[in-house]
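One structure is given below, encoded as structure tokens.
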Amino acid sequence: MEHHQNPQPQYQHALLTPLATPLQRDFFLPAPDRVARALLGKLIVRILDGEQLTGRIVETEAYFGLDDPAAHAYAGETARNRILFGPPGHAYVYFIYGMHYCLNASCEPSGHAGCVLIRALEPLSGLATMARLRRQPASRPHLLTSGPGKLCQALAITRADSNGSDLTDPNASLFFADDGFRPAQIAVTPRIGISKAADHPARFVIPHSKFLSRAL
DNA sequence: AGCGAGATTAGCT
DNA sequence: GCTAATCTCGCTG
């Protein structure tokens with residue numbers, strides 16, 4: 001009946017949500033606060049041993065490169081942060097507090113080091129695997145990806161594995177996609193866990209989501 | 001529910 | 001040497 005109308009997926013890993021399409025390079029071109037806002041509601045797709053782990057972004061933070069005392073790029077390009085100074089739409093993964101990884105999406109053109117920290121997801125598929133990676137029972141989904149360190153653990157994202165990945169590449173094992181979901185509301189708050197420029201409102205959340213790292 | 005401490009590594013903002 | 005875009009546990013109340 002419908003097999004004639006089913007379009008061939010243009011990418012190797014067909015999305016569980018058939019209408020989703022990968023984000024394009026120019027999605028990541030604007031300033032970090034605009035990209036942080038636009039990323040709310042988008043999907044993160046992670047392929048692990050052939051299994052598709054997906055989550056919807058519900059919390060982000062903008063970091064403003066050389067202009068931002070709280071940003072890793074503030075002091076200029078180093079071996080650690082060089083991805084931030086490259087082309088937009090790439091993963092910047094860093095290691096923090098001796099045990100956690102955090103995932104950022106680089107934005108702005110090459111030479112400009114803005115980025116967006118992904119702080120929380122609503123897990124959509126692969127919850128059992130996420131729970132195993134988190135060493136937690138699968139019965140508490142709101143503990144799986146409700147924080148920047150947690151979501152990296154749940155998706156097995158490390159610096160060695162994912163730093164520098166092209167987040168627009170649907171053949172990669174980590175990329176971002178749009179399934180058409182649009183948040184009804186967006187709230188803005190100061191960023192969490194930083195001491196410098198701590199009062200600057202650059203954290204974006206889907207309000208009342210049960211999967212935020214902290215409530216409003 | 002809210003606070004404080006410990007875990008543990010890389011980079012020096 | 002010290003700090004850091006964190007998380008979990010245990011204590012208090």
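Heavy atoms only: backbone and side chains are in, while hydrogens, waters and symmetry mates are out. Residue numbers start from 1 in every chain, and the chains themselves are labelled A, B, ... in the order their sequence lines are given, proteins ahead of strands.
- Between the side chain of A:E59 and the backbone N or O of A:S213 there is at least one donor-acceptor pair closer than 3.5 Å.
- One finds the OH atom of A:Y63 at 12.0 Å from the CG atom of A:L84 (value rounded to the nearest 0.5 Å).
- Summarising the geometry, atom OH belonging to A:Y94 is positioned 15.5 Å from atom CD1 belonging to A:I83; distances are rounded to the nearest 0.5 Å.
- Under the 3.5 Å distance criterion, the side-chain polar atoms of A:S106 are matched with a main-chain donor or acceptor of A:P87.
- Extent of DNA chain C lying under 4.0 Å from chain A heavy atoms, first and last nucleotide in 5' to 3' order, is C:dA4 to C:dT8.
- At the heavy-atom level, A:S213 lies nowhere under 4.0 Å from the strands shown.
- Judged as a side-chain hydrogen bond (donor to acceptor under 3.5 Å, both in side chains), the pairs with a partner in residues 31-50 of chain A (not counting sequence neighbours) are, in order, A:R46-A:D161, A:R46-A:S173.
- The residue among A:Q136 and A:A70 whose nearest nucleotide of DNA chain C is located toward the 5' end is A:A70.
- The residue A:R80 sits close to a base: some heavy atom pair falls under 4.0 Å.
- Every residue meeting the side chain to side chain donor-acceptor pair (under 3.5 Å) condition with A:Q136, not counting sequence neighbours, appears here in chain and number order: A:R134.
- Residue-environment remark: CZ (A:R214) stays at or below the threshold of 12 foreign heavy atoms within 6.0 Å.
- Note on A:A71: a base of the nucleic acid sits closer than 4.0 angstrom, heavy atoms only.
- Between the side chain of A:N163 and the backbone N or O of A:V93 there is at least one donor-acceptor pair closer than 3.5 Å.
- Residue-level contact check: A:R134 touches the backbone only, with heavy atoms under 4.0 Å from sugar-phosphate atoms and none from bases.
- Between A:K196 and A:K150, it is A:K196 whose nearest contact on DNA chain C lies nearer the 5' terminus.
- Remark: A:F95 pairs with A:Y101 by the ring-ring contact (aromatic ring centres under 6.0 Å, His included) rule, at least two apart or across chains.
- Within residues 157-167 of chain A, no residue has any heavy atom under 4.0 Å from DNA chain C.
- Applying the ring-ring contact (aromatic ring centres under 6.0 Å, His included) test to A:H112 and every residue at least two apart in sequence or in another chain returns nothing.
- Shown here are the ring-ring contact (aromatic ring centres under 6.0 Å, His included) partners of A:F204, two or more places apart in sequence or in another chain: there are none.
- Non-hydrogen atoms lying under 4.0 Å from DNA chain B are contributed by A:F95, A:Y97, A:G98, A:M99, all within residues 89-106 of chain A.
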For this session: Under 3.5 Å for both distances, Watson-Crick or G-U wobble, that's the pair rule; now give the dot-bracket for DNA chain C, with | marking pairs to another strand and [ ] for crossing ones.
Result: ||||.|||||||.

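- In the displayed structure, A:Q24 atom CD is contacted under 6.0 Å by at most 12 heavy atoms of other residues, nucleotides or ligands.
- One finds the CG atom of A:D179 at 4.0 Å from the CG atom of A:L43 (value rounded to the nearest 0.5 Å).
- Taking the six-membered ring where tryptophan is involved, the planes of A:F176 and A:F28 are tilted, since the angle between them lies from 30° to 60°.
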Show me the donor-acceptor pairs, under 3.5 Å and distance only, between side chains in residues 137-146 of chain A and residues at least two apart or in other chains.
{"residue": "A:T145", "atom": "OG1", "partner": "A:L121", "partner atom": "O", "Å": "2.7"}
{"residue": "A:S146", "atom": "OG", "partner": "A:H142", "partner atom": "O", "Å": "2.7"}
{"residue": "A:S146", "atom": "OG", "partner": "A:K150", "partner atom": "NZ", "Å": "3.2"}

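- Within residues 28-39 of chain A, no residue places a heavy atom under 4.0 Å from DNA chain C.
- Partners of A:F64 by ring-ring contact (aromatic ring centres under 6.0 Å, His included), not counting sequence neighbours, listed by chain and number: A:H200.
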